[in-house]
Amino acid sequence: MDNKQPSPGEWAMMGGAVVALLGSFLDISGDVSAWGRGAFPIVTLIPLYCVVAGVLVAVQRFGNVSLPDRLAGFGAGQLSLALGFFATLMSLCWLIAADDTGAGLFLLLVGSAAVLVGAVLVARQQAPTVG
Amino acid sequence: MNNLKLSPGNIVILVAGAVILVASFLPFYDVPTIGDIDVDFETGEVEVSGGGDSVNAWNPDWGFPVTTLPAVLGAAMAVVVGLTAFANVRLPERVMGFSWNQIHLLAGAQTAIMMLAFLIADSPDKGIGFWLMLLASIGLVVGAVLREREPAAA
């Protein structure tokens, strides 16, 4: 990833991470947030995944940090894609599971979907080098 | 059947995937549940039916489909291994830029992370199904790591 302005996909990932983080402090079901009793750390995994994906992009774009080509056998783009996918999957599952759905859960879903879409866009942009 | 396809890593994934699926039908939480209550107002008799002492990972009132997700992921890993080993199904080499070894690693890690999160979470007493699912999820990670290290693994 060369040092230039973030691409639309990268903006989506960073924006999604912020939305998911904000959503994690709002009620997801009843009056419980993602950090509340019973929800932590199961629901908290969703904003954590999104924030990790967003930070991976942000440190490269704004922090002038050059990450190793592969982390535990995965490229940074692959990790972001996987984090976005599992965060979205868990958000959808919680949406089905929750009895009394709060705004926080919808923000978690929107944020994680944005991270996933952004990661897909970035992966397509870098198709020859991904993997 | 290619012997390489049933490598130790693949065998571990097959077994762990089967265990996590079966365990998902065993008690996940040990909680008393009340089923249907019929009250006969003439005699005053109360009849309770359909309740139990535990709920499994498929109980719609206790976290389904979140509690089920680790079992589904684990079973999917086993199915992929089974299809390539026993049914000679040829899968594409990469999916969205991921090799199958990477997909197994990610799915196994996600399964284990979720089960560890359930372990830490403030929740009712865990049942035998939960503990078996936790062990199987660790098995899935071990199997995926072994598979990654095997030469020419399918």
Side-chain angles (χ1 to χ4, degrees), chain A residues 28-29 32 34-49 52-53 70-100 105 108-109 116-117 119-131, chain B residues 24 28-29 31 55 57-73 76 92-124 126 130 133-134 137 141 144-150 153:
Chain A
I28 54 161
S29 181
V32 178
W35 302 87
R37 191 165 177 250
F40 179 86
I42 279 285
V43 188
T44 326
L45 287 176
I46 300 168
L48 284 180
Y49 281 16
V52 170
R70 299 188 84 76
L71 304 162
F74 295 90
Q78 286 183 314
L79 279 180
S80 299
L81 193 56
L83 290 168
F85 173 75
F86 284 123
T88 306
L89 188 62
M90 286 190 288
S91 298
L92 286 171
C93 287
W94 277 112
L95 204 61
I96 297 168
D99 288 331
D100 180 16
L105 194 49
L108 286 180
L109 179 61
L116 176 60
V117 170
V120 170
L121 290 175
V122 171
R124 284 188 175 179
Q125 193 182 347
Q126 301 174 335
T129 57
V130 168
Chain B
S24 70
F28 194 87
Y29 293 126
V31 286
V55 291
W58 299 82
N59 190 307
D61 296 328
W62 284 86
F64 171 86
V66 183
T67 46
T68 326
L69 189 55
V72 172
L73 287 173
E93 280 192 24
R94 300 182 87 82
V95 179
M96 289 290 293
F98 292 90
S99 69
W100 283 101
N101 282 344
Q102 289 178 318
I103 292 173
H104 280 291
L105 267 177
L106 288 169
Q110 172 66 14
T111 303
I113 287 169
M114 286 190 75
M115 291 310 300
L116 288 172
F118 277 118
L119 178 67
I120 297 168
D122 186 8
S123 58
K126 277 83 175 178
F130 169 83
M133 285 178 73
L134 178 62
S137 70
V141 175
V145 171
L146 287 174
R147 197 177 192 272
E148 172 80 20
R149 292 182 176 181
E150 287 159 1

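Order of the sequence lines sets the chain letters (A, B, ...), proteins ahead of strands, with each chain counted from 1.
- Here the shortest heavy-atom pairing between B:Ala117 and A:Pro41 reads O-CD, 3.4 Å.
- The local environment of CG in A:Asp99 is sparse, with at most 12 non-hydrogen atoms from other residues, nucleotides or ligands closer than 6.0 Å.
- Looking at B:Ile103, there are no atoms closer than 4.5 Å to chain A (heavy atoms on both sides), in backbone or side chain.
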Donor-acceptor list for residues 80-89 of chain A side chains, cut-off 3.5 Å, not counting sequence neighbours:
| residue | atom | partner | partner atom | Å |
| --- | --- | --- | --- | --- |
| A:Ser80 | OG | A:Ala76 | O | 3.1 |
| A:Thr88 | OG1 | A:Gly84 | O | 2.7 |
| A:Thr88 | OG1 | A:Ser112 | O | 3.1 |

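- Taking every heavy atom of both residues into account, B:Gly63 and A:Ala97 meet most closely at O-CB, 3.9 Å.
- Within the 4.5 angstrom heavy-atom criterion, atoms from both the backbone and the side chain of A:Ile42 approach chain B.
- Note: B:Ile120 CD1 to A:Phe40 CZ = 7.0 Å, rounded to the nearest 0.5 Å.
- Looking at B:Leu116, there are no atoms closer than 4.5 Å to chain A (heavy atoms on both sides), in backbone or side chain.
- Between chain A and the residues B:Thr67, B:Leu69, B:Asp61, the largest count of heavy-atom pairs under 4.5 Å involves B:Leu69.
- Taking the ring-ring contact (aromatic ring centres under 6.0 Å, His included) definition, one finds that B:Phe118 meets it with B:Phe28, sequence neighbours left out.
- Proximity of a side-chain donor or acceptor of B:Gln102 to a complementary backbone N or O of A:Phe74 within less than 3.5 Å is not detected.
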